[in-house]
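What follows is a short report on a single structure.
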Amino acid sequence: MTHVLEVDGLEVDYDNGVRALDGATLTVSAGETVGIVGESGSGKSTLGSAVGGLLPPPATIADGAVRVDGADVHRLRPTELRELRRDRLGFVFQEPIGSLDPTMRVGRQVALVLRGRGDVLAHLERVRLTDPARVARSYPHQLSGGMAQRVAIAMAMAREPGILVADEPTAALDAQIRDDVLDVIFSLAAETGTTILWLSHDLPAVGRRCSRVAVMYGGRVVESGAAADVLRAPQHPYTAALVRAVPGAVEEGERLASIPGQPPVLTGPAKGCAFAPRCPEAVGSCGTSRPPLVRLRDRDVLCHRAPVGAGR
Ligand SMILES: Nc1ncnc2c1ncn2[C@@H]1O[C@H](COP(=O)(O)OP(=O)(O)O)[C@@H](O)[C@H]1O
Ligand SMILES: [Mg+2]
C-alpha cells in the first residue's frame with residue numbers, strides 16, 4: 001500500500017513556549033478514513049495544519065518531518081508547496097466563513113478553485129445544496145452556517161484532493177445537520193478516493209465512519225489502529241478512558257465515567273508519558289521515561305504497560 005501521509009516524530013513549539021506536538025508519528029495509506037481524536041489541546045489542529053505546511057508563524061518545528069506523497073512538506077520551495085496544496089490537499093475548518101471570501105459571490109469563488117475544470121453548479125449540487133443557482137449568486141454572509149460549510153467542502157473537494165483534512169468541520173453547526181454534513185464529506189471522499197483526516201472530539205462518530213482511529217494526547221499519537229478494534233479493545237489507558245467517557249458506553253442510570261484531572265500543557269518535551277499523572281495504571285517509570293512505540297499487529301501504542309491481551 002502507498003503511504004499518502006507520513007508524520008514522523010514531529011515536534012512543534014509555539015512562541016509562547018507551548019509544545020503542541022511532542023513527537024507525533026502517524027502513517028496513513030491511500031483511501032483510508034482516519035479519525036484523529038483527543039481532548040482539546042492534544043495537538044490535533046497543529047498536526048492538521050502541519051500536513052499542509054500551514055502552521056501559523058508563531059510555530060516552529062523543533063524536529064521531525066511531514067511527508068505527503070513522499071515529499072517533505074517543510075522542505076518544499078514556496079511554489080512547490082502552493083502546488084501541493086492546490087493539487088493534492090483540501091482543508092475544511094470549524095468556521096466555514098474563514099474559508100470563504102466575504103467580498104465575492106460564491107459561484108465566482110468556486111469557479112476560481114476549479115480553474116475551468118468543471119461546472120460550478122454541478123459542484124454545488126454534489127454537496128447537496130438544494131438551490132445551487134441561488135447559492136452561486138449569494139455572498140457568504142447570505143448563507144446559513146450549514147450552507148456555507150457545504151460550499152467550503154465543495155471548494156476543498158473541487159480538485160479531488162489526495163487528502164482532505166477536516167478539522168472539527170461540524171463543531172460550529174446545529175446538531176441536527178451535523179450528520180448530513182459528515183455524510184457529504186464521507187460520500188464525496190469515497191467517490192474520489194480521497195483520504196480523510198477527520199479531527200474530532202466525537203469518538204463514537206469516528207468509530208461509525210472511519211476505518212482507522214488515531215488517539216492524541218500531549219502532542220503525541222498514543223494509540224492508532226483499525227477503528228472498530230481500538231474502540232472494542234483499547235490498549236492505551238487514555239483510549240480506554242475515552243471509550244468509557246462516551247455516554248452510550250454505559251447502561252442507563254449508571255454514573256458516566258469521566259477522566260479525572262486535566263490534560264497537560266507542555267512547555268518542552270515530556271519527561272515520561274504525558275498521561276501518567278491521570279493514569280490509573282501508572283507505575284513509577286511512567287512519569288520518568290518516555291514510552292517507546294509498541295507495535296501489535298495493526299496497532300501502534302505508546303504505553304509502558306502495553307500490550308494487554310484482550311484490551312483494557
Ligand atoms: N497559535 C498558537 N499560539 C500558541 N499556542 C497555541 C497556538 N495554537 C495552539 N496552541 C497550543 O498548542 C496546544 C495544542 O493545540 P491544538 O493543536 O489547537 O490542539 P487541539 O486541536 O487538539 O485542541 C495547546 O496547548 C494550545 O493552547
Ligand atoms: Mg483543534
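Indexing begins at 1, ligand by ligand and atom by atom, following the structure's order. Here, residue 1 is the first one in the sequence, and each next residue gets the next number.
Going from atom CG of D179 over to atom CZ of F186 covers 11.0 Å, rounded to the nearest 0.5 Å.
Coordination check, Q94 versus the Mg ion (ligand 2): failed, since every N/O/S atom of the residue sits at 2.8 Å or beyond.
Using a 4.0 Å heavy-atom criterion, the residues that approach ligand 1 are Y14, N16, V18, A20, E39, S40, G41, S42, G43, K44, S45, T46.
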Problem - Intermediate values then yes/no, side chain to side chain contact (heavy atoms under 4.5 Å, CB included), T194 and I163 - result: CA-CA 5 Å; T194 298; I163 302 175; 5.7 Å; no
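The aromatic rings of Y139 and H141 sit parallel to each other, their planes meeting at less than 30°, with 60° as the upper class boundary.
Note on D300 versus R295: salt bridge recorded, some NZ/NE/NH1/NH2 to OD/OE distance being below 4.0 Å. A salt bridge does not link R86 to E83: none of the charged side-chain nitrogens sits closer than 4.0 Å to a carboxylate oxygen. Ion pairing of D8 with R67 is present here, as a side-chain N (NZ or NE/NH1/NH2) and a carboxylate O approach within less than 4.0 Å.
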